[in-house]
2 protein chains.
Amino acid sequence: MANIQQVAQKAGVSVATVSRVLNNHATVTPKTRLKVEQAINELNYEPSMLGRNLRNSESRLLLVLIPSISNPFYTEIIDGIEDTAIKNNYNILLCDTDSNPQRENIYFNLVKNKLADGIISMDPAVDMQKLIDLAEHHPIIQCSEYDENSCIPYVTIDNELAAYHAVKHLIKLGHEKIALINSDEKFLYARQRRQGYERALSEFNLPINKEWIYNTTQLEFEFGQQAMKKLLQSDEKPSAVFAVSDTLAIGALKEINSHGLLVPDDISVVGFDKISFSSMTNPTLTTVSQPMYRMGCTAASMLIDSIQGNKVESIVLNHELVIRESTMG
Amino acid sequence: MANIQQVAQKAGVSVATVSRVLNNHATVTPKTRLKVEQAINELNYEPSMLGRNLRNSESRLLLVLIPSISNPFYTEIIDGIEDTAIKNNYNILLCDTDSNPQRENIYFNLVKNKLADGIISMDPAVDMQKLIDLAEHHPIIQCSEYDENSCIPYVTIDNELAAYHAVKHLIKLGHEKIALINSDEKFLYARQRRQGYERALSEFNLPINKEWIYNTTQLEFEFGQQAMKKLLQSDEKPSAVFAVSDTLAIGALKEINSHGLLVPDDISVVGFDKISFSSMTNPTLTTVSQPMYRMGCTAASMLIDSIQGNKVESIVLNHELVIRESTMG
DNA sequence: ATCAAAAATGTAATCGATTACATCATAAGC
DNA sequence: GCTTATGATGTAATCGATTACATTTTTGAT
């Protein structure tokens with residue numbers, strides 16, 4: 001691969017002139033520009049990002065931290081991030097942390113080392129202290145998942161309110177025995193959704209039954225199945241279930257089916273996220289939809305703003321309850 | 001962020017010595033090493049990859065090209081790639097091309113610019129000519145998807161044989177009217193799977209009915225639904241369906257259900273890939289399982305080998321037919 | 001104590017770009 | 001034709017690391 005010196009030599013000009021052509025600086029004669037462009041083509045030259053970044057300290061690369069690419073929830077958000085980034089002449093790289101601190105470190109280092117200009121973190125299991133430390137010197141945005149005390153700007157929805165809406169929907173349908181399949185409450189969103197759940201119940205004077213609240217350690221289907229299995233063993237079976245993710249809800253659905261019960265006739269189910277598979281289940285799943293694409297766009301805009309030295313404010317977007325077969329009795 | 005000069009100054013040594021400490025060169029007195037390490041800690045110094053790569057021309061970063069992170073098929077492969085890479089002291093970056101040539105270019109440039117050492121391509125829609133050109137000067141491996149004429153090493157399964165096994169399974173169950181939901185046959189795997197389908201039919205003297213072969217433009221659920229809808233309208237309805245991806249098969253399942261038909265009683269269904277959803281459907285889906293994790297490991301090993309200057313050979317791995325409810329009449 | 005060999009450390013070139021500043025060429029004004 | 005203003009191009013420092021080679025220090029044998 002040719003370098004700028006060789007191009008300069010071939011074109012019979014200095015490296016400065018080649019650089020000027022490369023960066024579209026005004027003061028280059030058309031004739032010279034042509035010579036340089038010819039040399040570039042002949043040598044098949046492409047400028048090295050390494051040299052450029054070293055000098056400019058910018059890479060125009062954004063890092064997106066996700067806990068696992070297997071969770072379909074992130075897909076649409078990433079589309080939004082990607083589109084916005086490209087519109088602003090930035091590119092993104094996906095970093096699957098697998099919630100593994102070692103891998104996390106690798107990606108943090110890319111930023112420290114100026115190989116990337118900033119980070120959008122969507123990993124709820126991220127090492128918060130490290131993220132906060134990093135945020136002191138580097139642009140970082142939290143997307144969907146966040147730490148309220150961290151001072152790192154975030155974009156998210158009102159999880160408490162969304163859960164409240166979902167549960168209220170079930171109550172309005174006449175349900176009084178509503179179970180909650182929650183994930184690990186070390187995550188803020190899990191605590192918030194539980195609060196929404198409890199607020200709805202309280203508001204309608206329904207008791208909060210510990211037996212109907214189940215916390216899973218992960219979000220995969222099997223954990224939803226396991227949760228539902230346990231709930232079906234309780235003294236008084238719930239007549240409805242609110243799960244904090246579609247994957248859990250789908251696992252629950254499967255478990256209900258395999259017990260010979262019908263959704264929504266015997267038990268109604270509400271999920272969260274509106275992943276694409278949620279309309280493929282039988283019955284289709286009622287779920288809380290987040291404006292994922294917009295959330296991604298917003299996060300990217302915020303990050304780019306922040307990179308360009310502007311102060312950015314956290315943003316809370318609206319959610320929407322999508323009513324489908326699993327609650328249509 | 002401190003640089004190596006500042007560390008050297010603080011420790012009262014030269015930059016060369018700092019660099020030696022950083023790179024564990026033998027010839028440093030324990031006393032000096034200590035001084036340097038102290039300075040490094042006090043200044044919170046981390047070496048810049050930019051400077052290092054510029055000098056060394058290696059980044060120890062691998063690029064993984066995927067058409068879309070929304071396809072769950074890639075998840076496990078990526079796990080394999082990631083584990084193997086990390087074991088060899090490499091890191092990976094996921095590149096979602098969205099089958100968009102512009103984005104592809106960005107990632108190709110990262111390699112050309114030495115910001116990454118090599119590429120594992122899993123995008124069937126990749127611009128082959130560009131990939132081949134790139135492969136002349138840079139290590140590249142094709143994973144799962146490949147071009148047989150490209151000379152770029154690949155790891156894959158025998159798609160023809162896998163499809164043959166799937167269809168033979170249906171034939172053995174007594175089916176004689178077997179439909180094929182294929183994707184776009186501009187993809188090699190689609191052509192190969194069709195061949196396997198046809199070989200199985202021919203071997204048992206079953207006619208190949210054009211009406212029972214449907215090509216979709218994409219792999220999302222809806223395209224499977226659409227395909228099945230069309231198949232159900234044919235003069236003679238098929239009694240079994242082989243879809244070249246689980247997502248298509250799940251769409252087909254949904255469509256069959258919504259026509260009031262039962263799987264497998266009325267129509268049997270076989271998918272391909274064994275994505276996690278495939279065990280959450282009702283009924284669960286019979287599918288062809290690829291050794292995805294191993295495929296990922298293999299691809300990563302091949303790439304790293306290639307980076308280190310060794311010649312690598314293409315590899316074909318074994319598949320397995322997983323029989324579940326959708327074909328258990 | 002002296003000197004050679006070995007070990008430790010320093011000096012400075014290098015990677016590939018960008019850019020402030022210097023220099024050279026051209027055109028305009030008189 | 002001479003001076004000056006302006007535009008085009010070149011020179012060389014710079015970014016942050018690595019490393020061949022040079023230099024200094026230490027060690028050990030006599």
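Excluded from the calculations below are hydrogen atoms, water molecules and symmetry mates; all remaining heavy atoms, backbone and side chain alike, are included. Reminder, nothing fancy here: chain letters follow the sequence lines and each chain counts from 1.
One atom, CG of Asn24(A), and another, C1' of dA17(C), lie 16 Å apart when rounded to the nearest Å. Computed from coordinates, the Tyr45(B) OH to dG16(D) P distance equals 10 Å when rounded to whole Å. Note: CG (Asn23(A)) to P (dA17(C)) measures 11 Å, nearest angstrom. One interatomic measurement links the two molecules: CZ of Arg60(B) to P of dT18(D), which rounds to 14 Å at whole-angstrom precision. Put simply, CD on Gln6(A) is 14 Å from C1' on dA17(C), counting in whole angstrom units. Following rounding to the nearest Å, Lys112(B) (NZ) and dG16(C) (P) show an atom-to-atom distance of 17 Å. For the pair Arg20(A) CZ and dT19(C) P, the computed distance is 10 Å after rounding to whole Å. Across the protein-nucleic acid pair, Arg33(A) atom CZ and dT9(D) atom C1' stand 13 Å apart, rounded to whole Å.
In terms of phosphate contacts, Ser48(B) brings no side-chain nitrogen or oxygen within less than 4.0 Å of OP1 or OP2 of dG16(D). Contact annotation: Thr17(A) side-chain N/O to dG10(D) OP1/OP2 distance is under 4.0 Å. Phosphate proximity of dC15(D) to Asn3(B): absent, as no side-chain N or O sits under 4.0 Å from OP1 or OP2.
From Glu148(B), atom CD reaches atom OG of Ser314(B) across 11.0 Å, with rounding to the nearest 0.5 Å. Interatomic distance, Ser301(B) OG to Ile141(B) CD1, rounded to the nearest 0.5 Å: 10.0 Å.
For Thr29(B), counting side-chain heavy atoms from C-beta on, the closest listed nucleotide (dT9(D), dA8(C), dT18(C)) is dA8(C). In this structure, of dA17(C), dT9(D), dG16(D), it is dG16(D) that holds the atom nearest to the side chain of Ile4(B). When the nucleotides dA12(C), dA12(D), dT9(C) are ranked by their closest atom to the side chain of Val15(B), dA12(C) comes out on top.
Contacts of Val18(B) with the nucleic acid, taken as non-hydrogen atoms under 4.0 Å apart, are absent. Nucleic acid contact class of Ser19(A) (heavy atoms, under 4.0 Å, all strands): base. No engagement by Asn53(A) is indicated, since no non-hydrogen atom pair under 4.0 Å with the nucleic acid exists.
With no hydrogens or angles considered, a side-chain donor-acceptor pair links Gln129(A) and Asp133(A) at under 3.5 Å. Under the 3.5 Å distance criterion, with hydrogens and angles disregarded, a donor-acceptor pair is assigned to the side chains of Tyr293(B) and Asp83(B).
Looking at which nucleotide of DNA chain D each of Ala16(A) and Gln5(B) is closest to, the 5′-most match is held by Ala16(A).
Arg33(A) CZ: more than 12 foreign heavy atoms inside a 6.0 Å radius.
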